[in-house]
Amino acid sequence: SFSIPAKSDLSVEEIIKGRQAIFSKNYNTAKKVQSLASNLDFDEAKKLMLEMSENYKTLLEYFPENSKEGFKTEALLTIWEDKENFDNLMNKASKNMIELTSVIENTDDIRGTLGKLMWSSCKSCHSKYREEH
């Protein structure tokens, strides 16, 4: 994992690039989780799920008012207009990953469970808060 400096010490560029790096890391980690869980390697998958959960909490700090534009951000202004809902989605994504650790081994449908508790978080946020690309 990578350490995150106190956000007050970060420039706008570092904040925007920092949040992009965290989202990107979560996406790559999600693909690893999918692969590990599909191969029934649950212990390793759960470690990564908890890492993703923490990353979602960290992201709450990465959308200050002064980071709405520049540096190739794909974040839509709706994030700041609708901050409470955005923060709720981040918190829900974080909680979903924790829930996933407790259900993944006992589900009959690993792919479906990952879809519901992991990939749906990515989709629900992208559809509302990220530029299409």
Side-chain angles (χ1 to χ4, degrees):
S1 76
F2 49 101
S3 67
I4 293 155
K7 79 170 170 35
S8 56
D9 298 338
L10 297 180
S11 67
V12 171
E13 181 176 14
E14 287 168 322
I15 288 168
I16 290 173
K17 289 184 173 167
R19 70 189 180 213
Q20 289 172 335
I22 298 168
F23 279 123
S24 176
K25 187 174 197 317
N26 264 8
Y27 175 64
N28 290 321
T29 303
K31 289 193 293 191
K32 280 185 209 148
V33 164
Q34 177 104 34
S35 168
L36 288 164
S38 301
N39 294 322
L40 310 183
D41 188 352
F42 296 119
D43 289 345
E44 202 52 41
K46 285 179 184 181
K47 281 185 208 154
L48 296 179
M49 291 169 193
L50 293 173
E51 205 175 280
M52 286 176 67
S53 176
E54 286 304 309
N55 285 343
Y56 282 119
K57 283 191 239 167
T58 300
L59 281 160
L60 293 168
E61 302 298 315
Y62 269 76
F63 290 88
E65 281 291 321
N66 66 347
S67 69
K68 291 178 183 176
E69 53 191 33
F71 305 104
K72 299 195 172 97
T73 184
E74 293 171 354
L76 296 175
L77 292 177
T78 23
I79 289 175
W80 292 271
E81 292 157 9
D82 194 20
K83 194 71 169 64
E84 191 180 348
N85 278 327
F86 176 78
D87 288 355
N88 287 341
L89 266 181
M90 291 293 113
N91 282 316
K92 183 172 190 284
S94 177
K95 288 190 182 93
N96 280 356
M97 294 313 296
I98 291 169
E99 185 185 338
L100 192 54
T101 64
S102 64
V103 299
I104 194 66
E105 281 179 79
N106 306 314
T107 180
D108 295 329
D109 178 10
I110 288 175
R111 184 175 285 279
T113 302
L114 290 171
K116 192 176 92 178
L117 290 172
M118 183 172 72
W119 295 115
S120 67
S121 298
C122 306
K123 286 191 186 87
S124 61
C125 193
H126 284 189
S127 62
K128 283 171 85 163
Y129 299 113
R130 186 183 187 199
E131 280 175 19
E132 286 186 41
H133 61 115

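The shown structure was predicted, so the numbers you read here are calculated from the model rather than taken from an experiment. Side chains are part of it too, since the values below use all heavy atoms of this structure and drop only hydrogens, waters and symmetry mates. In this chain, numbering begins with 1 at the start of the sequence shown.
- At a threshold of 4.5 Å between side-chain heavy atoms, the hydrophobic network of Ile, Leu, Val, Met, Phe, Trp and Tyr places Y56 and V103 in one connected group.
- Within the 3.5 Å criterion, the main-chain N or O of P64 finds a donor-acceptor partner in the side chain of S67.
- Scored by the side chain to side chain contact (heavy atoms under 4.5 Å, CB included) test, S53 finds K57, S94, M97, I98 as partners (sequence neighbours excluded).
- With sequence neighbours excluded, no residue satisfies ring-ring contact (aromatic ring centres under 6.0 Å, His included) with F23.
- Follow the hydrophobic side-chain contacts under 4.5 Å out from F71 and you never reach Y62; the two are in separate clusters.
- With T58 contributing its side chain and E54 its backbone, the two residues share a donor-acceptor pair below 3.5 Å.
- Residues N55 and T29 have side chains not in contact (no heavy-atom distance under 4.5 Å, counting atoms from C-beta outward).
- The side chain to side chain contact (heavy atoms under 4.5 Å, CB included) test with M52 is passed by exactly one of N26, N96, L100: N26.
- Scored by the salt bridge (Lys or Arg N to Asp or Glu O under 4.0 Å) test, E14 finds no partners at all (sequence neighbours excluded).
- Within the 4.5 Å cutoff, the side chain of E51 has heavy atoms near those of the K25 side chain.
- Under the 4.5 Å side-chain heavy-atom criterion for ILVMFWY residues, no single connected hydrophobic cluster contains both L76 and Y27.
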**Asked** Would R19 and T73 count as a side chain to side chain contact (heavy atoms under 4.5 Å, CB included) if you check the C-alpha gap in whole Å, the side-chain angles of each, and the deciding distance to 0.1 Å?
**Response** CA-CA 9 Å; R19 70 189 180 213; T73 184; 3.0 Å; yes

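- The only member of Q20, R130, H126 that meets side chain to side chain donor-acceptor pair (under 3.5 Å) when paired with E74 is R130.
- For K68, the side chain to side chain contact (heavy atoms under 4.5 Å, CB included) criterion is met by E65, L77, W80, not counting sequence neighbours.
- By the salt bridge (Lys or Arg N to Asp or Glu O under 4.0 Å) test, K116 pairs with no residue at all, sequence neighbours left out.
- Pairs of residues two or more places apart, or lying in two chains, that qualify as salt bridge (charged side-chain N to carboxylate O under 4.0 Å, His left out) and include a residue from residues 80-96 are K83-D87.
- Between L117 and I104, the closest side-chain pair of non-hydrogen atoms is not below 4.5 Å.
- The salt bridge (charged side-chain N to carboxylate O under 4.0 Å, His left out) analysis of residues 97-113, with sequence neighbours excluded, yields the pairs K46-E105.
- Residues satisfying the salt bridge (Lys or Arg N to Asp or Glu O under 4.0 Å) test with D41, not counting sequence neighbours, are none.
- Counting heavy atoms from C-beta outward, M49 and M118 have side chains that stay 4.5 Å or more apart.
- The side chain to side chain contact (heavy atoms under 4.5 Å, CB included) test applied to L89 returns S124, C125, Y129, not counting sequence neighbours.
- Listed by first then second residue, pairs satisfying ring-ring contact (aromatic ring centres under 6.0 Å, His included) with a partner in residues 32-55 number zero, not counting sequence neighbours.
- T101 is linked by a side chain to side chain donor-acceptor pair (under 3.5 Å) to nothing, counting only residues two or more places apart in sequence or in another chain.
- Contact annotation: the side chain of V12 approaches that of I16 to within less than 4.5 Å [non-hydrogen atoms, C-beta and beyond].
- Checked against salt bridge (Lys or Arg N to Asp or Glu O under 4.0 Å), K47 has the following partners two or more places apart in sequence or in another chain: E44.
- When all heavy atoms are compared, the tightest approach of K32 to L48 is CB-CD1, 3.8 Å.
- Considering only heavy atoms from C-beta on, F86 stays 4.5 Å or farther from T78 through its side chain.
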